[in-house]
Amino acid sequence: MEQKERPNFITNIIDEDIQNNVYTDNRVHTRFPPEPNGYLHIGHAKSSLLNYRLAQKYDGLFNLRFDDTNPIKEEVEFVEAIQKDLHWLGVEWGDRLFFASSYFSEMVAYAEELIQKGLAYVDELSGEEIRAYRGTLTKPGKNSPYRDRMPDENLKLFKEMVAGKHPEESMVLRAKIDMASPNMNMRDPVIYRILHVEHPNTHEEWFVYPMYDFAHPLEDALEGITHSICTLEFEDHRPFYDWVLDNLDDYQKERPQQIEFAKLNLTQTIMGKRYLKQLVDSGIADGWDDPRLPTISGLRRRGYTPESIQNFCEEIGVAKANSTVDLGMLEHFVRDDLKLKTPRYNAVLNPLKVTITNFPEDQEVEWLEVQTNQEVPEMGTHRVPFTKELYIEKEDFMEVPVKKYFRLFPGNEVRLRGAYFVTCNEVVKNDEGEVIELKCTYDPETKSGSGFTGRKVKGTIHWVSAENNVPIEVHLLNPLLEKDTEFDSENFLEKINPDSRVVTHGYGEPEIKNMQTLEKAQFIRNGYFSVDPKYSKEDQLVFNRVVELKSSWRPTKK
RNA sequence: AGGGGUAUCGCCAAGUCGGUAAGGCACUAGACUUUGACUCUAGUAUGCGUAGGUUCGAGUCCUGCUACCCCUGCCA
């Protein structure tokens, strides 16, 4: 993977650590700790790539660790999917795959150490009471009546909790810090709760499960992580992260440091895991891999490439300021990546029939040789059938042209890309007055590649033979949120762009027939398209439009 | 008795010891063009949330103010 030198506040911190010899041998060790309760989205791509590349840049280590501390929300389906997505993205962890749940024994031991040091206690207050005792943002909390239990009794009770002798919600283990702390996270946070639930990995071994705030610093420390990178909302959890390690004998020397960065937001995009889940559950999306979703699997199915996402993540940078990146930025990087990687074919999405009136009577078809990608000669050429009856794009004809219209209109001549100049002589309409056919003549002198310079033409349009083509279904995908729609977590489902998927049927040149699932091509002047793996069938290719081509054409004044 | 963060072009974002505002996206103009694409060229902050101060010199230091984000799960 290409590595561009792009400094950010995290590399600055690491550089400083190296200068000060903070870690043995100046090692750098990062990790990506997804919770297996949903699919990864492009925000996770930013995070995982950040951690992975940091390790690469400093010749360090990178761990993939599933943060499976809450058995109620997690499923194995997700740990499979997450690994698949990460592999595809180009994030490599080798054999460094870990599960937080495999540290449960150590975590319990550390909890007992805190208890023995008088720094943790078993609280029998109810959930509601705990909340009430916690106070508010502006008022201090008050101590639980169980706060001053002796270590021995706490230890005995905790061991009973671990042994499953107490019912759920009957008691919790809490850190003993300061109920008056201005930081809510330091008001005796709960570190263990009782859950008589089967865990996907540890099965029925445990009756207690650690809370994130307690588990995370331990997971990091146990794995020897140096730089534990997370998102902004954990900033005021950091004091507790440090408190845990401060008070454990094992971590008096080297320990991980938590560093927070701003997570990715994209315009017109629904990003949160729970909102994505709502889209999936409501049926608006046809799965976690719906090509309109910003999930890694959705982007993959849509036709995005790993490189385009990597480059995008590299370019947007890493900082601490909340920000929302313009969707156009992401789109730029797919176009940029697909440009030289994909063949370019003719495909007409909204067909309008054209008859070449002077097409030779004695000829059925003329096979034209065209370059598959003019910018990449190595892609070679392929043949396209030119016949008497053709299809062009409806948009490429106007009976009454607007100003600066370079396409077809009565009396005007344009080039059919890769073929000939063609002039529109007659417009055929149906009873409703709709244009249903154009009668045109072509000039055999103007054959593509013949070097004809006799006259010039302002427009070049794409076309497909009406007699020899492959029918295609095309899904034009648009953002789920229309421009300038504020995301409203309450009722965003009602505000989903009704045109987020527009289905059309058209025709492609014969070459398209051979395209395989997830294979991509540029359809000349229409954009980049990718074969949808879910809807395509043997005899019916279905394409997702990855992204449109840019266009400076603006039909302004009539 | 609240605390923790962030503010540099329309959108991201560099700016490490104060030395006279990188880059990308978008946009505009032009060149090229058998994709109104691509490519190329040029342009776009006398300005760094704001008001003062220190200094020969401040985005960078000091003081005050303002705006926005996060925090009261036995979620992560």
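Since the structure is predicted, the reported quantities are computational estimates derived from the model, not experimental observations. Note on naming: letters A, B, ... go to the chains in the order of the sequence lines (proteins, then strands), and numbering restarts at 1 for each one. Values reported hereafter were calculated over all heavy atoms of this structure, with side chains retained and with hydrogens, waters and symmetry mates removed.
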**Fill in**
Ranking A:Gly328 and A:Glu233 by the position along RNA chain B of their nearest nucleotide, the one closer to 5' is A:Gly328
**Asked** Heavy atoms under 4.0 Å, any strand shown: does A:Ile194 hit a base, just sugar-phosphate, or nothing?
**Response** nothing
**Asked** Is it the case that A:Asn70 and A:Tyr212 place a side-chain donor and acceptor less than 3.5 Å from each other?
**Response** no
**Request:** Report yes if the ring of A:Trp553 lies under 5.5 Å from the six-membered base ring of B:G36 with planes under 30°, and no otherwise.
**Result:** yes
**Prompt:** So what does A:Thr460 hit on the nucleic acid, given a heavy-atom distance under 4.0 Å: a base, only sugar-phosphate, or nothing?
**Reply:** sugar-phosphate
**Prompt:** At under 4.0 Å between heavy atoms, what does A:Glu260 touch on the DNA or RNA strands: base, sugar-phosphate, or nothing?
**Reply:** nothing
**Item:** B/S/- contact track for nucleotides 9-16 of chain B, protein heavy atom under 4.0 Å
**Value:** --SSSSS-
**Item:** side-chain N/O A:Arg134 vs B:C74 OP1/OP2, d < 4.0 Å
**Value:** yes
**Prompt:** Which part of the nucleic acid, if any, lies within contact of A:Thr136, taking any heavy atom under 4.0 Å across all strands shown: a base, the sugar-phosphate backbone alone, or nothing?
**Reply:** base
**Message:** Taking syn as a glycosidic torsion within 90° of 0 and anything else as anti, which one is B:G73?
**Reply:** syn
**Request:** Could you tell me whether A:Met211 contacts a base, only the sugar-phosphate backbone, or nothing, with contacts defined as non-hydrogen atoms closer than 4.0 Å?
**Result:** sugar-phosphate
**Message:** Are A:Tyr110 and A:Phe214, when compared by the centres of their aromatic rings, separated by less than 6.0 Å?
**Reply:** no
**Asked** So what does A:His216 touch, heavy atoms closer than 4.0 Å: a base, only the sugar-phosphate, or nothing?
**Response** nothing
**Asked** Looking just at side-chain N and O atoms, do A:Asn37 and A:Glu35 make a donor-acceptor pair shorter than 3.5 Å?
**Response** yes
**Prompt:** So, A:Ser228 versus A:Arg31: side-chain donor-acceptor pair below 3.5 Å or not?
**Reply:** yes
**Request:** Give A:Lys139 one of three labels, base, sugar-phosphate or nothing, depending on what nucleic acid heavy atoms sit under 4.0 Å from its own.
**Result:** nothing
**Prompt:** Angle class for the A:Phe333/A:Phe312 ring planes (parallel below 30°, perpendicular above 60°, tilted otherwise)?
**Reply:** perpendicular
**Message:** Please tell me whether A:Tyr58 and A:Asp15 have a donor and an acceptor in their side chains that are separated by less than 3.5 angstrom.
**Reply:** yes
**Asked** Considering only side-chain heavy atoms of A:Arg131, which listed nucleotide, B:G24, B:G36, B:U72, is closest?
**Response** B:U72
**Request:** Answer with yes or no whether A:Arg407 presents, from its side chain, a donor or acceptor under 3.5 Å of a partner atom in the base of B:G36.
**Result:** yes
**Message:** Using a heavy-atom cut-off of 4.0 Å across all strands, would you classify A:Tyr345 as base, sugar-phosphate, or nothing?
**Reply:** nothing
**Request:** Classify the ring geometry between A:Tyr209 and A:His199 as parallel (under 30°), tilted (30 to 60°) or perpendicular (over 60°).
**Result:** parallel
**Prompt:** Hey, does A:Glu331 reach any base, or is it just sugar-phosphate, or nothing, if we go heavy atoms under 4.0 Å?
**Reply:** nothing
**Request:** For B:U20 and B:G57, measure between their C1' atoms and round to the nearest Å.
**Result:** 8 Å
**Request:** Tell whether A:Asn183 reaches the base of B:G4 with its side chain through a donor-acceptor pair below 3.5 angstrom.
**Result:** no
